[in-house]
Amino acid sequence: EVLRMATTTSTDNTGLLDYLAPEFLKDTGIELQWVSVGTGKALELGKNLDVDVLLVHAPEVEKQYVQDGFGVNRRQVMYNDFIIIGPPSDPAKIKGKTVKEAFISIATKGAPFASRGDKSGTHVLELDLWERFGYGQPEKENWYIQTGQGMLDTINIAAEKVGYTLTDRGTFIKYEDNYKGNPPLVILVEGDEALFNQYSVIAVNPVRGDHLRYDLALKFSDWMRSDKVQKMIGEFSLLGKPLFVPNAK
Amino acid sequence: MHYLSDGFKAAFTILLSGQEETFNAIFTTLKVSTFSILLTLAAGIPLGFILGYYSFPGKHACRAISDTLMAIPTVVVGLLIYAFISRSGPFGGLGLLFTLRGVAIGQFFLGLPVVVSLTASATEQMEDSTRLTLMTLGASPGQLAASSLWEGRYAVVAAAMTAYSRIISEVGVSMMIGGNIKWRTRTITTAIALETGKGQFAEGIALGIVLLSIAFIVNGAVSVARKRAAS
Amino acid sequence: MHYLSDGFKAAFTILLSGQEETFNAIFTTLKVSTFSILLTLAAGIPLGFILGYYSFPGKHACRAISDTLMAIPTVVVGLLIYAFISRSGPFGGLGLLFTLRGVAIGQFFLGLPVVVSLTASATEQMEDSTRLTLMTLGASPGQLAASSLWEGRYAVVAAAMTAYSRIISEVGVSMMIGGNIKWRTRTITTAIALETGKGQFAEGIALGIVLLSIAFIVNGAVSVARKRAAS
Amino acid sequence: MTYIYELENITQSYAGRTVLEVSELKIERGSILGITGPNGCGKSTLLRILAFLERPRSGRLLFKSIPVHDINEQLRREATLLLQETRLLKRTVFENVVYGLKARAIKEGLTRKVHSALEMVGLDPEDFAGRHWFQLSGGESQRVALASRLVLRPEVLILDEPTASIDANSARIIARAIVDAREKFGASIVLVSHDIEWSYSAADEVISMFSGKIRSKNIENIIQGPWEEGNDGTVLRYLEDGQIITAAGKPGNEYSMGLLDPGDIILSLDYPGNSSARNTLRGTVTRMNLEDEGRSILVTVNIQDTVLTSRITKGSLSRLGIVPGSTVILVFKSNSIRWA
Amino acid sequence: MTYIYELENITQSYAGRTVLEVSELKIERGSILGITGPNGCGKSTLLRILAFLERPRSGRLLFKSIPVHDINEQLRREATLLLQETRLLKRTVFENVVYGLKARAIKEGLTRKVHSALEMVGLDPEDFAGRHWFQLSGGESQRVALASRLVLRPEVLILDEPTASIDANSARIIARAIVDAREKFGASIVLVSHDIEWSYSAADEVISMFSGKIRSKNIENIIQGPWEEGNDGTVLRYLEDGQIITAAGKPGNEYSMGLLDPGDIILSLDYPGNSSARNTLRGTVTRMNLEDEGRSILVTVNIQDTVLTSRITKGSLSRLGIVPGSTVILVFKSNSIRWA
Ligand SMILES: Nc1ncnc2c1ncn2[C@@H]1O[C@H](COP(=O)(O)OP(=O)(O)OP(=O)(O)O)[C@@H](O)[C@H]1O
Ligand SMILES: Nc1ncnc2c1ncn2[C@@H]1O[C@H](COP(=O)(O)OP(=O)(O)OP(=O)(O)O)[C@@H](O)[C@H]1O
Ligand SMILES: [Mg+2]
Ligand SMILES: [Mg+2]
């Protein structure tokens with residue numbers, strides 16, 4: 001039996017799914033096939049009934065999605081956190097500051113800031129932060145670089161421009177790993193409440209298509225939230241650094 | 001820069017160490033691209049000949065459309081095919097999404113305009129005297145087409161190779177329709193996209209080298225065949 | 001399916017309502033692709049002629065390389081160029097990364113093998129009598145090249161259009177080297193990739209239609225020019 | 001009498017210019033018809049119509065007494081044309097010659113047939129069958145092209161300049177092959193050639209065309225302008241040596257061509273006394289050809305750069321005792337000259 | 001005496017077969033040299049070497065007394081070849097003719113030059129200059145190709161079959177244009193043609209080639225095999241009507257060709273009595289041509305399908321009183337036949 005899932009690139013790129021899928025097969029006899037795309041595209045694939053289950057991280061959008069009847073059974077499974085990274089020289093002097101101070105400092109100093117600009121979970125959060133700090137989205141500012149690309153590409157662009165960006169920790173660890181632990185950008189702001197990144201599993205609403213494997217989707221959802229898997233998620237690490245924090249409810 | 005040397009090293013490692021994943025992607029790539037190009041040539045060469053040879057109302061419009069479709073981004077073809085074969089699309093019942101057959105259909109539409117346009121232009125360039133010679137020898141329309149294309153075989157082979165290049169190097173359709181599902185629909189190009197997305201540039205380059213090696217072998221085979229045909 | 005109708009509607013909306021973003025991307029696309037294709041033709045046509053016309057040691061190897069490079073995935077070209085022009089690369093100092101000039105360099109390498117291979121095959125197919133006729137009329141090597149290509153102008157135009165199609169529809173280089181930076185290096189194809197990634201498929205298709213409209217206009221202009229040249 | 005072709009009011013035009021206007025032409029089955037005429041007079045155009053390669057703009061064309069409406073390869077297989085601009089396929093000689101047979105799905109005795117066709121045009125099959133199209137001299141290519149038509153044994157064989165760039169010896173071999181084609185498999189043959197002697201050696205009858213029209217069942221002398229007006233309603237052509245040709249009627253314009261039938265020219269050794277013929281020109285005999293299987297002789301006379309040919313009987317020639325180099329007087333009436 | 005070309009032991013070979021072997025050939029500056037010979041004898045190959053289109057495999061080639069090592073467009077601009085397989089560029093007639101001028105960066109009087117070149121080949125510039133390459137008849141194309149060489153006024157003009165598919169009238173115009181080219185701008189001219197009469201009308205001298213070699217400064221009769229061995233060391237060729245040609249020496253093989261100089265054949269009305277000549281053949285006169293500006297006459301005699309040409313003086317001809325159609329006896333010695 002095959003369960004099809006659409007997920008965001010972060011879960012795939014970090015290798016989490018390669019770590020979990022064989023275990024899922026062993027436990028349930030279900031083969032997990034996933035396509036890793038942007039959050040928006042993942043949701044759209046679900047809307048079109050091309051996948052049975054979603055693993056995504058954009059809580060506000062997800063809630064709306066469920067409300068609109070596209071998905072059911074949204075369950076939180078884990079989170080990681082966002083961090084602000086930048087060059088070690090830190091021209092905007094944000095190291096150790098709060099997110100709010102950091103954003104304001106970057107904006108007032110006009111230090112290069114790379115935004116994903118792709119309506120991804122990360123981007124949605126970033127826009128929300130600008131909003132909250134009373135800035136609105138900087139649009140045509142010279143220092144504000146809207147990449148429209150994935151997280152790693154955006155980090156690379158920030159590095160080339162010697163600027164800052166907002167990233168999820170998992171991708172950053174992967175990035176560090178690519179540079180053998182000596183990356184051009186380093187963590188400058190972390191640990192702020194505002195920087196939580198919640199991942200949820202959503203089953204595609206089975207009333208919308210007969211072929212949907214809602215049963216398998218629920219099995220996956222339950223399996224992900226089982227103690228054993230939650231523990232596995234907590235143990236998953238890269239370069240000795242844990243990537244995700246399980247928080248199934 | 002170091003990506004380059006790393007890439008070359010990685011390419012050798014991949015090929016020599018026999019990484020199963022990569023061989024699976026290579027095999028998938030070969031399977032789907034061979035199928036796609038055969039489909040494309042079977043339909044494209046006759047269409048291209050008709051477009052280049054005969055005069056009929058709407059000929060110029062057809063030609064313009066074919067020329068234009070050469071410039072369609074692969075991801076747009078992916079999207080369009082997706083619109084049809086997604087579960088919520090008209091052909092959703094066929095279950096083509098996330099299958100290699102689905103990818104082949106998309107690649108067929110990618111390769112088709114290339115073969116049609118280049119074959120049509122080769123046919124247009126054919127000397128009138130070749131056409132008349134074949135006609136005076138009693139060639140039927142079908143024989144005329146086959147023999148004209150044989151006379152212009154260099155151009156037809158070039159058309160085929162250009163289309164094959166487009167098919168084997170594309171990523172939009174393979175990604176959108178195939179879904180880059182490991183062990184199933186992952187091709188070399190989607191694997192490259194994945195590695196690049198992960199920031200593993202050396203691996204991306206290594207896979208690129210692998211892909212080019214395949215293209216090189218295919219080209220080599222074609223030019224041996226062509227040389228044999230010429231003599 | 002609804003993506004199609006939505007896409008068409010959106011395409012009209014975009015073009016008629018004059019969305020600034022989209023026009024910026026259209027303009028960027030035109031600018032960079034025009035520059036790239038001119039560069040490509042300037043280098044590729046002479047190289048292709050030399051490759052198809054003269055015999056020299058290594059000719060077949062060159063031809064095989066050019067044929068093979070037609071199949072290089074755009075993202076691999078992006079990666080390779082990136083390796084050279086990134087800050088840590090040997091030409092990092094030129095500041096080409098995330099600029100349209102950088103993109104043009106990448107697209108030049110994408111288009112070059114297409115122009116070289118197709119021009120070479122057109123040259124190879126040239127009748128010997130054409131060559132001899134030009135020689136007896138006293139053409140110098142340069143004039144011989146220019147006039148031979150003029151005699152085979154259909155094939156050369158087809159080569160140019162195929163290369164232009166590859167350039168204007170590619171996304172790998174534009175994304176990797178240009179960076180898809182809004183208001184700066186975002187082209188239509190990178191915008192399509194972005195919209196598609198966002199799940200806004202109708203917008204992706206709409207932009208695809210916009211791109212094809214551009215290609216259609218360019219092709220139209222070329223065929224008018226070609227018809228004028230033929231008469 | 002059965003006709004293989006009957007043409008009525010056939011016209012053809014290119015780019016708005018009428019290049020062919022044949023009011024009537026009937027070709028007998030089994031005949032060998034030669035066609036001659038100046039460059040651009042429409043010979044190849046006529047042949048393309050006879051070979052069903054193009055449709056006439058107007059007129060009626062009957063093939064074997066059946067009106068031809070649609071042209072298709074079935075018709076073309078019965079009437080095979082050797083094009084003026086011969087072109088070999090990019091294959092070996094053997095494959096060139098065998099092509100039409102294969103197109104007709106003939107499978108038996110291919111090698112034998114091809115070899116005998118090559119021999120018919122004087123090419124040694126051993127030496128030539130395996131050669132590539134580019135390994136031939138001009139005349140050899142032309143002969144391969146001819147062989148690839150002969151091998152088909154078509155009902156009608158139409159040849160456009162088959163001896164262009166063929167040496168004299170081989171041209172004789174080809175003339176023989178053409179006559180053989182008629183005798184061995186009953187082909188009807190139409191051939192165009194500028195070599196009038198050769199045409200006569202192969203054909204039963206030679207007709208001449210001029211400006212798209214069939215002018216006469218005969219060879220014509222062509223007198224080019226400029227014409228000047230005479231004072232008694234005639235027009236005059238001053239020749240290089242001061243002699244004058246006088247013609248009656250009105251030419252289309254100053255540069256129109258006058259046509260003069262060789263049979264209308266009388267040869268004489270002296271200027272005739274009182275004669276109704278307005279033209280008496282002195283010239284030198286440069287050539288004498290036996291024509292039409294010995295029934296008459298064509299005597300070519302140069303008046304400096306102007307060349308006129310007269311047709312006389314063998315008896316007259318013996319009586320006059322002229323040889324190439326003799327000076328003779330050409331006598332003809334002003335209204336023997338017709339306007340093209 | 002200055003020579004424009006001097007060739008010594010020039011050879012050329014294709015695919016391992018030697019197709020040209022010229023041990024010596026000197027061409028005088030300002031001369032018009034005609035070359036004739038059967039298909040495939042190497043004429044075009046020789047012309048390509050003279051026009052610096054290809055390098056001989058071996059031998060010494062001097063152009064204007066300077067040894068030629070590298071061939072390049074500078075040399076080619078001095079020696080222009082009209083190819084046998086003429087091909088127009090895909091442009092208008094005007095652009096075809098003007099091409100070579102533009103290639104030489106000539107900018108003045110282009111229109112005038114092109115128009116006068118078209119007139120030289122008998123094409124009306126008004127009518128033809130604007131036409132496209134595909135709007136021409138075979139002969140018209142050929143003439144445009146010739147015009148595009150004449151317009152260049154090269155030092156050497158090399159013409160390969162310039163009158164193939166050209167009508168007789170236009171061929172005369174072209175012969176005149178060739179002679180004019182020599183007279184007006186001092187061109188040296190080499191021309192190849194199968195039309196021997198035409199060659200004589202244009203050239204000072206006509207040489208003939210055979211199997212890659214220059215055989216004689218003369219036209220040759222070619223006697224094709226099969227040869228059979230006679231009983232006294234001679235070889236015999238049985239003709240169609242039972243008469244026999246006897247030759248001395250050894251042919252290369254059964255199918256070798258015998259060459260016979262027309263000057264070696266004596267014509268007579270009766271069989272000679274006692275004669276040292278082994279060959280006495282009866283045939284019918286089919287043609288008599290004034291040759292070489294009236295100095296001699298070529299008489300063509302058919303012995304059924306075998307054709308032999310004899311060269312005699314005007315005096316002899318008058319004395320014999322033969323005309324086309326007369327029966328004559330050809331007399332020649334067995335050792336007049338040489339082996340190709
Ligand atoms: N495609 C064309 N467009 C316009 N005019 C054409 C075209 N083809 C031929 N002609 C003209 O039609 C006339 C007849 O051409 P055709 O080829 O029949 O002559 P021809 O008698 O065969 O001459 P030649 O002896 O030179 O072969 C010529 O004046 C030629 O210029
Ligand atoms: N590329 C080639 N490869 C092999 N043989 C060739 C090639 N080109 C010519 N030949 C041969 O060389 C010989 C000489 O050819 P060439 O063209 O010089 O003859 P030619 O005297 O001009 O004949 P024609 O009267 O038919 O034009 C011929 O036997 C021909 O078959
Ligand atoms: Mg013709
Ligand atoms: Mg030749």
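For clarity, every value in this text was computed on a predicted model and none was experimentally measured. To find a chain, count down the sequence lines: A is the first, B the second, and so on, and within it residues start at 1.
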Let's go through Arg77(E) and Leu137(C) carefully: what are the C-alpha distance in whole Å and the side-chain angles of both, what is the deciding distance for side-chain contact (heavy atoms from CB on, under 4.5 Å) to 0.1 Å, and is it a yes or a no? CA-CA 7 Å; Arg77(E) 285 179 185 174; Leu137(C) 291 172; over 6 Å; no
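Other residues, nucleotides and ligands contribute more than 12 heavy atoms inside 6.0 Å of the NZ atom of Lys59(C). Within 6.0 Å of atom CZ in Phe27(C), 12 or fewer heavy atoms from other residues, nucleotides or ligands are found, so the atom counts as exposed in its surroundings. The number of heavy-atom neighbours closer than 6.0 Å to CZ of Arg60(E), taken from other residues, nucleotides and ligands shown, is 12 or below. Within a 6.0 Å sphere centred on CZ of Arg101(C), heavy atoms belonging to other residues, nucleotides or ligands number 12 at most. Taking a 6.0 Å sphere around OH of Tyr5(E), one finds it holds more than 12 heavy atoms contributed by other residues, nucleotides or ligands.
Inter-residue side-chain proximity for Leu88(E) and Thr133(C) is flagged as unmet; no heavy-atom pair is nearer than 4.5 Å. Residues Gln84(E) and Ser129(C) form no side-chain contact, since every pair of their non-hydrogen atoms from C-beta on lies 4.5 Å or further apart.
Looking only at heavy-atom pairs under 4.5 Å with chain C, the residue among Arg104(E), Lys102(E), Arg48(E), Glu78(E) that has the most is Arg104(E).
Looking only at distances, a side-chain donor or acceptor of Glu151(C) sits under 3.5 Å from a matching main-chain atom of Lys90(E).
Scanning both residues, Pro141(C) and Glu73(E), for their nearest heavy atoms gives CD-OE1, 3.4 Å. Between Ala103(E) and Ala139(C), the closest heavy-atom pair is CB-CA, 4.5 Å.
Annotation: the span from Met135(C) atom CE to Glu54(E) atom CD amounts to 9.5 Å, rounded to 0.5 Å. Note that CZ of Arg87(E) and CZ of Arg131(C) are 12.5 Å apart. Values are rounded to the nearest 0.5 Å. Between the CG atom in Leu132(C) and the CD atom in Glu85(E) there is a gap of 8.5 Å [rounded to 0.5 Å].
Each of Leu152(E), Asp160(E), Leu81(E) was checked for a side chain to side chain contact (heavy atoms under 4.5 Å, CB included) with Thr136(C), and the lone residue meeting it is Leu81(E).
Contact annotation for Leu83(E): only side-chain heavy atoms (C-beta onward) come within less than 4.5 Å of a heavy atom of chain C.
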